[in-house]
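Quick notes on the structure that follows.
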Amino acid sequence: MLLLFLVLIGVASCQQKPVSIIVPNTIQQEWAEAEIGVLIHFDMPVFDDAYDFRVWGTHPDASVFNPSDLNTDQWLETASKLGAKYAVLVAKHCSGFSLWPTEAHDYSVKNSPWKDGKGDVVADFIASCKKYNIKPGIYASTTANGYLYVDNPGLVQPGSPVTQKEYNRIVTQQLTELWSNYGELFEIWFDGGVLSPHEGGADVLSLVQQLQPNAIAFQGPYGHKNLIRWVGNEEGTAPYPCWATADSTTNADGTKVISDLNGNAQAPFWCPGESDFTLRYNSSYQGGWFWHADQDSLMFNVDELMHKYVTSVGRNTNMLLGIVIDDRGLVPDADVARITAFGQAIREQYGAPQAETSGTGYQVTLELNEPTEIDRVVIQEDISQGERVLNYVLEGFTSDGTWITLAEGSNIGHKHIDVFDPVLISKIRMNARQAKAQPIIRQLAAFTH
């Protein structure tokens with residue numbers, strides 16, 4: 001009897017504790033499905049290449065802003081050629097100049113000669129997003145403002161024309177305008193986070209919860225339900241693994257904490273990564289985020305861009321491509337051509353697999369119609385049921401009747417792309433060697449050039 005009791009104790013102790021599987025809400029799933037977005041920069045450095053926002057009091061006059069051919073339809077048409085499903089407009093960058101007629105201060109389009117001061121770039125952008133069926137987003141920096149002598153993380157500097165309290169009111173008013181007057185936003189961007197009320201900043205969390213509760217927020221305030229995180233660089237290279245769950249993505253003050261760029265498979269928060277990068281070299285003007293004359297040749301080639309696609313979308317993050325606007329108010333012709341070619345390459349290389357399947361279980365096998373030379377495999381989990389696979393091996397069945405290893409990995413999530421040397425195979429199988437629960441593979445697809 002004692003022996004039986006000890007056996008039962010041993011069995012109980014060997015039983016695994018229930019594993020918590022974090023799942024995204026429907027908005028977070030929609031964001032993951034979008035996969036590709038663009039980030040559009042257009043600010044005073046385009047018109048004054050010597051401007052440094054940190055040299056207080058040297059901001060260009062609003063009259064400098066006078067693009068001759070500004071056309072937001074051309075911007076969004078270009079984004080659509082890439083295959084972008086969402087677009088984020090930088091409505092206010094570090095200069096403090098506002099691309100909408102803000103009532104918070106005088107430094108905006110309303111005091112520029114463009115459209116005789118009656119224009120609104122944000123409104124035009126939103127209308128173009130609707131026209132091209134692209135979800136709109138807005139970037140409005142709260143942490144830096146050259147016009148008002150504000151530097152990271154949103155602190156008013158000595159000599160400023162406003163106090164910290166006055167600046168907080170300006171932040172609140174401008175975000176209220178942007179989040180109230182242009183409809184529902186798909187994504188909002190807080191570059192560098194926000195200064196919390198505890199540290200003397202505005203109450204941005206309450207504002208976003210009131211006005212844009214459904215928006216995805218990049219580096220948003222702690223407590224917002226739809227946060228996404230930075231991957232640690234502006235090169236389109238997510239770390240691997242890059243779990244969609246994380247322990248802490250912002251601290252209690254709402255600023256970014258980069259303690260674990262990989263995320264954590266066992267973490268309690270769904271907060272996936274977004275991989276932002278520029279079309280132009282990082283060594284070009286303003287890191288490639290802003291246009292500069294005679295730099296149209298300084299762009300990554302299509303092969304380099306496709307590598308970034310694999311290391312962003314193919315590593316369980318969304319890809320956010322920086323698009324510059326020139327002093328005419330247009331995406332430069334050279335950029336349009338490169339973006340178009342990039343989008344075409346994505347569709348050609350990943351639009352039509354040689355074969356694909358789905359399945360539930362620790363092993364999923366894909367049968368090819370005939371022996372085929374394969375060099376890439378896309379795996380997707382059904383993330384509505386969480387990220388379950390923790391470790392896997394990808395194998396191919398060769399003509400001599402043996403299984404060979406094609407790739408090994410850990411995180412799959414929404415999408416993982418394995419690239420390897422071309423190999424002639426007739427079957428592919430994914431073996432999950434470790435998982436939180438029974439894997440649910442939404443897609444296992446084989447591709448070749």
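Everything numeric here is computed off the predicted structure, so don't read it as measured data.
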Inset, instruction - In plain terms, say whether Arg338 and Asp333 are close enough for a salt bridge, that is, a side-chain N and a carboxylate O under 4.0 Å apart. - result: no

Inset, instruction - For the residue pair Lys415 and Ile379, establish whether any side-chain heavy-atom pair is separated by less than 4.5 Å. - result: no

Inset, instruction - Carefully, step by step, assess Phe190 and Phe218 under the rule ring-ring contact (aromatic ring centres under 6.0 Å, His included). - result: CA-CA 6 Å; Phe190 297 95; Phe218 178 85; 9.3 Å; no

Inset, instruction - Answer yes or no: is there an ion pair linking Arg442 with Glu33, defined by an N-O contact shorter than 4.0 Å? - result: yes

Inset, instruction - Please determine, by modelled atom types, if Asp73 and Ser128 share a side-chain donor-acceptor pair under 3.5 angstrom. - result: yes

Inset, instruction - Return the minimal non-hydrogen interatomic distance between Gly200 and Gln164, and the atom names on each side. - result: O-CG, 3.6 Å

Legend entry - His93 ring center within less than 6.0 Å of Tyr139 ring center: yes

Inset, instruction - Looking only at non-hydrogen atoms, find the nearest pair between Pro221 and Val204 and report the distance. - result: CG-CG1, 4.3 Å

Legend entry - Audit row: Glu184, Asn214, side-chain hydrogen bond (donor to acceptor under 3.5 Å, both in side chains) steps and yes/no: CA-CA 8 Å; Glu184 189 169 40; Asn214 295 325; 3.2 Å; yes

Legend entry - Aromatic centroids of His59 and Tyr107 separated by under 6.0 Å: yes

Inset, instruction - Evaluate side-chain hydrogen bond (donor to acceptor under 3.5 Å, both in side chains) for Trp31 paired with Gln29, printing each intermediate quantity in order. - result: CA-CA 5 Å; Trp31 183 83; Gln29 291 176 52; over 6 Å; no

Inset, instruction - Return yes if some donor-acceptor pair links the side-chain N/O of Gln380 with the main-chain N/O of His414 below 3.5 Å, else return no. - result: yes

Inset, instruction - Kindly give the heavy-atom pair with the smallest separation between Tyr86 and Ala34, and that separation in Å. - result: CD2-CB, 3.7 Å

Inset, instruction - Check whether any side-chain heavy atom of Leu444 sits under 4.5 Å from a side-chain heavy atom of Glu356, and report yes or no. - result: no

Legend entry - Inter- and intrachain pairs under salt bridge (Lys or Arg N to Asp or Glu O under 4.0 Å), touching residues 269-281, at least two apart: Arg280-Asp296, Arg280-Asp335

Legend entry - Asp418/Arg376 ion pair, N-O < 4.0 Å: no

Inset, instruction - Would you tell me whether Ser141 and Asp191 have side-chain atoms, one donor and one acceptor, within less than 3.5 Å of each other? - result: no

Inset, instruction - Show your reasoning for whether side-chain hydrogen bond (donor to acceptor under 3.5 Å, both in side chains) applies to Thr102 and Gln174. - result: CA-CA 7 Å; Thr102 180; Gln174 290 204 307; 3.3 Å; yes

Legend entry - Contact summary for Ala144 and Cys94, nearest pair of heavy atoms: CB-SG, 3.8 Å

Legend entry - Flag side-chain contact, heavy atom, 4.5 Å: Leu82 against Met319: yes

Legend entry - Centroid-centroid distance, Phe447 to Tyr350, less than 6.0 Å: yes

Inset, instruction - Measure from the side-chain N and O atoms of Glu381 to the backbone N and O of Arg388, and report whether any donor-acceptor pair falls under 3.5 Å. - result: yes

Inset, instruction - Please report the shortest heavy-atom distance between Leu178 and Leu185, naming the atom on each side. - result: O-CD1, 4.1 Å

Legend entry - Side chain proximity check, Asp151 to Gln157, heavy atoms < 4.5 angstrom: yes

Legend entry - Centroid separation Tyr285 to Phe290 less than 6.0 Å: no

Inset, instruction - Tell me, please, which residues at least two apart from Arg328 pass side-chain hydrogen bond (donor to acceptor under 3.5 Å, both in side chains). - result: Asp326

Legend entry - Within the 6.0 Å centroid threshold, strictly below: Phe47 and Phe42: yes

Legend entry - Worked check of ring-ring contact (aromatic ring centres under 6.0 Å, His included) between Tyr240 and His416: CA-CA 10 Å; Tyr240 187 76; His416 184 73; 4.7 Å; yes

Inset, instruction - Give the C-alpha distance, both sets of side-chain angles, the deciding distance and a yes or no for side-chain contact (heavy atoms from CB on, under 4.5 Å) between Leu148 and Ile170. - result: CA-CA 10 Å; Leu148 297 175; Ile170 289 171; 3.7 Å; yes

Inset, instruction - Of all the heavy-atom pairs spanning Asn233 and Thr237, show the shortest one and how long it is. - result: ND2-O, 2.8 Å

Inset, instruction - Output yes when a side-chain donor or acceptor of His224 lies under 3.5 Å from a complementary backbone atom of Gln219, and no otherwise. - result: no

